[in-house]
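Working notes, structure below.
Throughout, a chain's letter reflects where its sequence line sits, starting with A, and its residues are numbered from 1.
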2 protein chains.
Amino acid sequence: MNSENRVTIKDIAKATQLSVATVSRILHKKGQHNSQTVKRVTEIAKQMGYVRNTSAADLVKQKSRIVAVIVSDTKSNFSEHIIDAIEDKAIPAGLNVFILHAGNHDEPSQVRAIKTVVERAVMGIILVSLELNDRVLATLKDISIPSICLSTSVKNATIPFVTSDNYQMGYTATQLMIDKGHTKIALAGIPTTGSINLRTQGYLACMADHHLPVKPEWIHYGSCTYDDGIKAWQMYAKKREITCAICASDFTAIGLMNAAAESGVKVPDDLSLVSFDGTEMVDMVRPRITSITQSFYDMGLAGIQYLINGKDVKSEYLPFKVTQRDSTRVLTAAEQDSKKD
Amino acid sequence: MNSENRVTIKDIAKATQLSVATVSRILHKKGQHNSQTVKRVTEIAKQMGYVRNTSAADLVKQKSRIVAVIVSDTKSNFSEHIIDAIEDKAIPAGLNVFILHAGNHDEPSQVRAIKTVVERAVMGIILVSLELNDRVLATLKDISIPSICLSTSVKNATIPFVTSDNYQMGYTATQLMIDKGHTKIALAGIPTTGSINLRTQGYLACMADHHLPVKPEWIHYGSCTYDDGIKAWQMYAKKREITCAICASDFTAIGLMNAAAESGVKVPDDLSLVSFDGTEMVDMVRPRITSITQSFYDMGLAGIQYLINGKDVKSEYLPFKVTQRDSTRVLTAAEQDSKKD
DNA sequence: AAAGCTATTGTAAACGTTTACAGTAAGAAC
DNA sequence: GTTCTTACTGTAAACGTTTACAATAGCTTT
């Protein structure tokens with residue numbers, strides 16, 4: 001119809017011989033009106049192809065019905081579960097969800113994303129898997145928009161967060177391997193910075209608690225990618241000392257497994273593997289990969305509920321569980337001896 | 001600082017004893033101003049924690065610097081490549097990207113998403129992998145916002161689109177199998193509706209061109225999921241007639257391969273597989289899966305460039321290629337005979 | 001008949017920007 | 001000394017809504 005200028009309430013007011021106020025009220029179901037008029041207005045509005053100008057409405061109402069989700073752009077596949085949960089709750093509540101990408105450690109891109117949504121007066125911001133530095137955290141705290149971090153913890157809980165306990169996960173993964181008789185346990189693809197590095201601490205603590213030595217070359221640092229798995233194996237392959245590896249993500253585990261396979265090392269016969277996350281990926285590869293499975297959907301739930309209910313949610317750690325699949329094997333007594341120093 | 005009311009230009013004007021016009025101009029680098037004043041204003045603005053109200057700005061400027069990307073919420077992994085391309089070009093151009101989800105065939109959710117962004121006067125809309133019905137298409141055409149569909153074709157090209165030629169891809173995949181000596185070729189997980197179904201047409205045409213019969217039970221309809229691969233195999237396993245399958249997506253191929261493996265059927269020894277898409281997934285599983293690889297990144301590029309340059313892009317098909325990996329095998333003459341009716 | 005309701009509609013201000021245009025002052029050119 | 005520039009700043013309207021409040025008319029009540 002009119003692809004020139006957008007139809008406004010004023011146009012409809014003119015066409016119906018009513019005031020803009022009446023039209024506005026009718027179109028958004030406020031107050032009571034003659035049913036004849038209501039019918040006339042809605043019909044004309046549809047016919048003229050009216051679409052509301054939300055910028056104008058937001059401006060006077062000083063708020064919007066939008067939730068912004070700012071997601072790390074690193075190739076991870078768990079964020080979609082978090083987003084699923086957010087959308088599952090937000091849409092029925094009449095909220096719309098805008099997703100933006102930002103760099104995991106990239107301040108300028110984070111600031112850009114935050115600025116974009118803050119300028120538009122979103123009703124809340126959910127930050128997924130982002131490592132925010134103090135400066136960004138400060139800006140976030142200064143603005144009057146409720147924000148929450150998911151899948152990362154925040155120093156001093158400047159803003160609330162919901163994640164898994166990385167330290168405990170690291171400890172648990174290590175304990176799992178030790179329980180299966182492993183003593184030479186590698187750690188692959190964990191970043192050196194951010195809350196995720198607490199997994200390393202958990203690993204070291206568990207090893208120490210069992211009086212097991214750790215060699216530096218067992219720890220490969222990375223960023224949870226598939227390629228990190230490959231690189232980690234290249235590192236381990238030199239001495240071929242370790243009997244198992246704890247992998248930073250499902251992708252890292254798969255990369256590691258594939259790289260090992262190329263050297264003729266089979267999982268779980270020659271190498272046991274456990275990964276963090278436990279997304280559907282671990283069930284798609286063969287052997288299936290044992291994982292420390294996180295509750296991503298629940299994280300999303302926690303995030304959106306915080307925004308909807310406005311309750312002062314305490315920052316919290318969500319439970320994780322060990323899901324045994326086919327990538328881990330119990331070492332025989334003989335193997336444990338032969339591998340012993 | 002002030003978490004009560006947001007600081008406006010008016011507040012800064014008051015604090016600096018200037019007019020709002022001057023402050024506005026300085027803050028957005030329009031016109032020339034005394035460098036002293038500029039410094040004073042920018043400093044005070046920062047100090048007071050000023051953030052622009054984009055709703056107000058958009059309102060008067062009648063436009064925004066936002067590109068909306070509405071993505072199918074079906075679990076596919078190629079859309080991220082499309083989005084990558086869009087962001088890679090949009091951000092340097094000073095455009096911000098908002099991503100929304102909508103149901104692949106779900107009109108209400110599509111309309112909701114479109115309405116949300118149209119109301120906010122985005123500068124362009126990119127629809128990814130969405131099957132739009134006539135009504136939605138009509139609304140999209142009526143509004144004065146440039147829109148483009150990626151990874152789907154649009155009947156009559158009501159709005160421009162960029163995708164791969166599904167018919168040709170179907171034909172090519174089939175040809176590939178025939179070239180390897182296969183004659184009993186299955187098709188798994190293709191939806192019955194939408195442009196993607198053209199793959200079925202291509203398959204049928206190729207079979208017909210080679211005078212090869214097609215049995216109904218070779219064609220499994222689905223929606224490109226992992227589970228579709230499993231279900232397809234359950235269907236094929238009954239008679240175990242086919243020697244290869246063309247799979248609707250990488251995930252479908254993986255599902256099919258895993259299900260087959262459970263019946264003791266090995267890829268590619270007992271079953272050859274080719275998938276559409278060719279995302280990184282096909283390189284992560286073993287054996288690696290031969291794929292009809294689409295140019296997703298280029299699709300995203302085409303979409304964003306259409307919006308930025310405003311050129312009247314013709315709807316077009318992007319090239320795809322056959323990437324041979326390890327899931328396809330040439331049938332021996334003996335096998336071809338033994339399998340012959 | 002006055003007062004009080006009720007149902008419906010209108011008036012007008014407000015939201016925070018942007019920007020065309022007007023204004024001012026100081027210096028340069030004549 | 002007058003006019004012309006130049007550099008800077010102010011005025012005010014506009015963008016499209018929403019909403020408190022006022023207004024009107026027709027009823028009902030007393």
Side-chain angles (χ1 to χ4, degrees), chain A residues 2 4-42 44-45 48-66 115-116 118-122 143-144, chain B residues 2 4-42 44-45 48-66 115-116 118-122 143-144:
Chain A
N2 76 319
E4 274 315 301
N5 294 313
R6 296 259 292 248
V7 178
T8 72
I9 271 195
K10 211 178 284 178
D11 298 327
I12 297 177
K14 205 165 288 169
T16 54
Q17 305 270 50
L18 288 166
S19 70
V20 291
T22 308
V23 175
S24 169
R25 276 186 305 246
I26 288 180
L27 254 24
H28 304 296
K29 321 203 188 302
K30 297 265 163 72
Q32 43 189 352
H33 290 273
N34 185 296
S35 58
Q36 287 290 324
T37 330
V38 172
K39 201 175 155 197
R40 197 157 51 97
V41 169
T42 44
I44 297 229
M48 293 177 74
Y50 170 74
V51 299
R52 183 168 179 231
N53 183 325
T54 312
S55 293
D58 285 353
L59 179 56
V60 20
K61 297 209 288 190
Q62 300 276 62
K63 64 179 170 189
S64 74
R65 310 274 305 158
I66 291 199
K115 209 173 140 213
T116 309
V118 168
E119 285 183 352
R120 305 196 113 74
V122 297
I143 59 174
S144 46
Chain B
N2 77 319
E4 272 318 298
N5 294 313
R6 295 257 293 247
V7 177
T8 73
I9 271 195
K10 211 176 285 178
D11 298 326
I12 297 178
K14 206 165 287 168
T16 55
Q17 306 270 52
L18 288 166
S19 71
V20 291
T22 307
V23 174
S24 170
R25 276 187 304 248
I26 288 181
L27 254 24
H28 303 296
K29 321 201 189 304
K30 297 266 162 73
Q32 43 190 352
H33 290 273
N34 184 297
S35 59
Q36 287 290 324
T37 330
V38 172
K39 203 175 155 195
R40 198 156 50 98
V41 169
T42 44
I44 297 230
M48 292 175 73
Y50 170 74
V51 300
R52 181 167 177 234
N53 183 325
T54 312
S55 293
D58 286 352
L59 179 56
V60 22
K61 298 210 287 189
Q62 301 276 60
K63 65 179 169 192
S64 74
R65 309 275 304 157
I66 290 199
K115 208 172 141 213
T116 310
V118 168
E119 284 183 354
R120 305 195 114 74
V122 296
I143 59 175
S144 46

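- Toward the 5′ end of DNA chain D lies the nearest nucleotide of B/Arg40, the other residue of the pair B/Arg40 and A/Ser24 mapping further downstream.
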message: Show, in sequence, the C-alpha distance, side-chain angles and deciding distance for A/Asn34 and A/Arg40, and conclude whether the side-chain contact (heavy atoms from CB on, under 4.5 Å) test is met.
response: CA-CA 10 Å; A/Asn34 185 296; A/Arg40 197 157 51 97; over 6 Å; no
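- Residue-to-nucleotide proximity on DNA chain C shows that, of A/Ile26 and A/Lys61, the 5′-proximal contact is made by A/Ile26.
- Each of A/Arg25 and A/Thr8 was assigned the nucleotide of DNA chain D with the nearest heavy atom; the assignment lying further toward the 5' end belongs to A/Thr8.
- Note on A/Ala21: a base of the nucleic acid sits closer than 4.0 angstrom, heavy atoms only.
- Between the side chain of A/Ser55 and the main chain of B/Leu59, no donor-acceptor pair closer than 3.5 Å is present.
- Considering only heavy atoms from C-beta on, B/Arg25 stays 4.5 Å or farther from B/Val41 through its side chain.
- Using a 4.5 Å heavy-atom threshold, the side chains of A/Leu27 and A/Ile12 count as touching.
- Side-chain contact between A/Ile9 and A/Tyr50 is present, with heavy atoms from C-beta onward closer than 4.5 Å.
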message: For B/Asp58 and A/Arg120: C-alpha separation, side-chain torsions, deciding distance, then whether salt bridge (charged side-chain N to carboxylate O under 4.0 Å, His left out) applies.
response: CA-CA 10 Å; B/Asp58 286 352; A/Arg120 305 196 113 74; 2.3 Å; yes
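- In this structure, the side chain of A/Ser24 does not engage the main chain of A/Val20 through any donor-acceptor pair within 3.5 Å.
- Distances shown here put every side-chain N or O of B/Ser19 at or beyond 4.0 Å from the OP1 or OP2 atom of D/dT9.
- Contacts of A/Val51 with the nucleic acid, taken as non-hydrogen atoms under 4.0 Å apart, involve only primed sugar atoms and P, OP1 or OP2.
- Between B/Lys14 atom NZ and B/Met48 atom CE the span is 9.5 Å, to the nearest 0.5 Å.
- Using a 4.0 Å heavy-atom criterion, one finds that A/Glu119 contacts no nucleic acid atom at all.
- Bounding nucleotides for the chain A contact on DNA chain C, 5' to 3', at a heavy-atom distance below 4.0 Å, are C/dA7 to C/dG16.
- Sorted by residue number, the members of residues 29-37 of chain A with any non-hydrogen atom under 4.0 Å from DNA chain D read A/Lys30.
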